[in-house]
Amino acid sequence: SSYNTTMQVIPQQFIFCSLFHLQHLRQLNLALNLFMTAFPTRFDKLENLRYLNLSEAGFTGQIPIEISRLTRLVTLDLSIDTLFRTPLKLEKPNLKTLVQNLTKLRILYLYGVNISAMGNEWCQALSPLTELQVLSMSDLIRLDRNNLSGLIPQFFTKFPNLTCLSLSSVNFSGPIPSFSSSINLRDLILALNQLNGTIHSTDWSGLSKLEIIGLGNNKLSGTIPPTLFGIPSLRTLSLSHNQFNGSIGDFHGKASSLINTLDLGNNMLQGQFPMFVFELHGLTSLNLSSNNFSGLIPVSAFQNLRNLSALGLSYNRWSIDATTINISSLSLPTLAELDLASCNLTEFPGFLKNRINLARLNLSQNFLVGFERPLKNITSSVEILDLHGNQLQGEIPILSNAAYLDYSNNNFNSVLPAQIGDSLQYAFFFSLSNNNIQGSIPESICNSKYLEVLDLSNNSLSGPIPQCLFQMNRSLGVLNLRRNNLSGIISDTSSKSCQLQTLNLNQNRLEGKVPNSLVNCKMVKLLDIGNNHINDSFPSHLKNIATTWDAMQPNPDKNQSELQHLQCEDLRSGVKYQDAITITIKGLVLELVKIPTVFTYIDISCNNFEGPIPEVIGKFNALYSLNVSHNAFTGPIPSSFGNLLELESLDLSSNSLRGEIPLQLANLNFLSCPNVSNNKLVGPIPTITQLQTFSEASFENNAELCGPPLKTKCGLSPAKEDSPSDSETGSIIHWNHLSIEIGFLFPLYAVFAGYVFPFLFCL
């Protein structure tokens, strides 16, 4: 009476030749297969089906109308993981046509299905399903086509038999409607939306059958209703990544004893540690990180939670006393994940001596000084270790099975072990930045074949950069070696499969030329090889690694309401790497730890560029800062600069610019730091503009420039401009042929510096 092909690769000719002859079949499970073909269209032959599971079967395209004729269906599962597969379509037939005759449905999974219907339309489409108990429409993709944004319809609260409602990742907004009448609800999952307001509209005490409440990753606020914790059947309560505030009351003897998962992280909760938690002996996962809790927590209080597998207490205002524990009295035998970042720890928690199966350990942003025996006992099991922001010193601990290692911002002063790469065979992230690591970079680092991020910046490393690092093309996305003492050349061996997004070699002693093969690294967002001894001409061959000139112009179709920052986030591991650069703007040297994607900045100062300043720069009306100082530019200041209405900093100093200051510069209302000094400009500084409000230093050393703020008074007739000498005309840079391309939403930041002609180019 049933047919199950789960977890097999079945010959299609067998399935589609014989399957639909089984007319008395009542259950059919084709889930988790690899058919990789369009949906079969003969499902209506199986008219006695009660159960049909086609989730992850590998079918593609439109869901066939024949399924709508299976009127005896009780369970229908068409869900698909859109991360790995193309979504299924519900267009012809649409949702209404598919389910209008399936009135006996109790369980319906449409996870990841592309529904082409307005929000009110698919609510009406589901109205005939009066016996519905389980509905999952989470992760509906292509939301612009599904039109599923907006309020959660009250419609969902009117299914008397509904036991499971999953509407996560659907882009709903507004308040959560009252589910007080949904007394049979067992699972309520509304995570990963844009829901806001409080959650007090529901009488949670009346939902006695609730086992799972998932409201995380929304914008919910207010206090957490005390009645939530008292639901007798509650097992999972996830409210993380919201804006809940207030304190958590004393629920001594009142909270559900069945709670095994409590996630309140990333909110604005305050007060003392909720001591009732220690009464939840079945608790397996507890996350209170990133709140405003305060007080002192003795780790020994966790001795009653022997089933705990994940504990997160990071980033609060409390301190954790982990030093006065009798090691034999505390045993957490199932603990696999421990997050105690920024908990004012001065020593490694002693109870770690008993740990041999810890997979994740985060003790970052504390006051740890030396590695102690507890850490040495767990090095064979830890996969993720984050110890950045401490005061650690001594030898660098290398974990053979680790995938993520962050030792940045400590006091390590040893050398990199010669065989470090052999110990990082499974690592995708390795950072030792901001230490005092000495010696050379071992060639063995290239044996880390899965490495995606390598950050050894701000150390005292010397010697050449291993050539093989530029050949790790299929994995390495970030290579940050800035602020060291590395020497030699930059290897010219990057292949067409280069995956680099960040290459930062600034402030070393590298020589030679800019490698031609960098043109193969078309994913680069930040390229910084400034402050070295590079001796080369303008690297016009790199024009193809950036975006377009047009991207420097504001796009009204792009939503810029939320500030974003440049970061590498397309790495296969899913880890995000925050880029940083050093820039000079308005005469100040700034460290941009977070680079706004809307920050548009051109700096080609300190070079030997000759000829006129390109007029095309005047089209970059999203430009924030322009620095072309200390070159050999000649000719006039382009009048098109008056179009740069967002410009705040303009430095044209130390060139051989001639002519008068164009009146169009009076349009630059945001300009706060101009500098045209040390040129050959003539005539009066434009009056009735803010240009006359700047300091004299902004205009000095232009022999025939006159008028306020300069002390030189202007004559009755305009000064005559000398003809440029042959030595001043030089060779002209044909910018239109160079086509150096600049990004806006995803800008390319590139910095170069040369020994003969120091060259800085930062976008």
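One-based numbering along the sequence shown.
- When atom types are taken as modelled, the side chain of Ser68 and the backbone of Gln100 share no donor-acceptor pair closer than 3.5 angstrom.
- Here CZ of Phe244 is found 5.0 Å from CG of Leu239. Values are rounded to the nearest 0.5 Å.
- Listed for the Ser289 side chain is no donor-acceptor partner under 3.5 Å among the backbone atoms of Gly265.
- In this structure, a donor-acceptor pair under 3.5 Å is present between the side chains of His200 and Thr223.
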Tabulate below the donor-acceptor pairs under 3.5 Å that side-chain atoms of residues 207-216 make, not counting sequence neighbours, or state none.
from	atom 1	to	atom 2	distance (Å)
Lys209	NZ	Asn184	OD1	2.8

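- For Phe251, the CZ atom is densely surrounded, since the number of other residues' heavy atoms within 6.0 Å is greater than 12.
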### Message
side-chain contact (heavy atoms from CB on, under 4.5 Å), that's the test. Do Ile199 and Trp204 meet it? Break it down for me.
### Response
CA-CA 9 Å; Ile199 58 174; Trp204 300 100; 4.3 Å; yes

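- Between Phe428 and Tyr450, the gap from one ring centroid to the other reaches at least 6.0 Å.
- Between the side chains of Gln194 and Lys219, at least one donor N or O lies within less than 3.5 Å of an accepting N or O.
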### Task
Please lay out, stage by stage, how Leu162 and Ser182 fare under the test side-chain contact (heavy atoms from CB on, under 4.5 Å).
CA-CA 7 Å; Leu162 195 64; Ser182 303; 5.6 Å; no

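- At least one donor-acceptor pair closer than 3.5 Å links the side chain of Ser201 to the backbone N or O of Ile176.
- Looking at every heavy atom in both residues, Leu283 comes nearest to Leu286 through CD2-CB, 3.8 Å.
- The aromatic rings of Phe172 and Phe156 lie perpendicular to each other, with more than 60° between the two planes, well past the 30° mark.
- Between the CZ atom of Arg26 and the CZ atom of Arg72 there is a distance of 9.5 Å, given to the nearest 0.5 Å.
- No side-chain donor-acceptor contact under 3.5 Å links Asn307 to the backbone of Gly282.
- Here the side chain of Asn242 pairs a donor or acceptor atom with the backbone of Asn218 at under 3.5 angstrom.
- For Val478 against Leu500, the heavy-atom pair with the smallest separation is N-CD2, 4.2 Å.
- Within a 6.0 Å sphere centred on CG of Leu258, other residues, nucleotides and ligands contribute more than 12 heavy atoms.
- The aromatic rings of Phe20 and Phe43 sit perpendicular, their planes meeting at an angle over 60°, well past the 30° parallel limit.
- The closest side-chain heavy-atom distance from Ile65 to Arg69 is below 4.5 Å.
- The main-chain N or O of Asp203 is found under 3.5 Å from a side-chain atom of Ser180 such that the two form a donor-acceptor pair.
- In terms of modelled atom types and a separation under 3.5 Å, the side chain of Ser290 and the main chain of Tyr315 share no donor-acceptor contact.
- At distances below 3.5 Å, not a single donor-acceptor pair connects side-chain atoms of Ser79 with backbone N or O atoms of Ser55.
- The backbone N or O of Lys92 sits less than 3.5 Å from a side-chain atom of Gln62, completing a donor-acceptor pair.
- Formation of a donor-acceptor pair under 3.5 Å by the Ser314 side chain with backbone atoms of Ala341 is found in this model.
- With a 6.0 Å radius and a threshold of 12 heavy atoms from other residues, nucleotides or ligands, Arg50 has its CZ atom above the threshold.
- Considering only residues two or more places apart in sequence or on other chains, Arg186 meets the salt bridge (Lys or Arg N to Asp or Glu O under 4.0 Å) condition with none of them.
- A 4.5 Å side-chain heavy-atom check between Asn267 and Asn245 finds every atom pair outside the cut-off.
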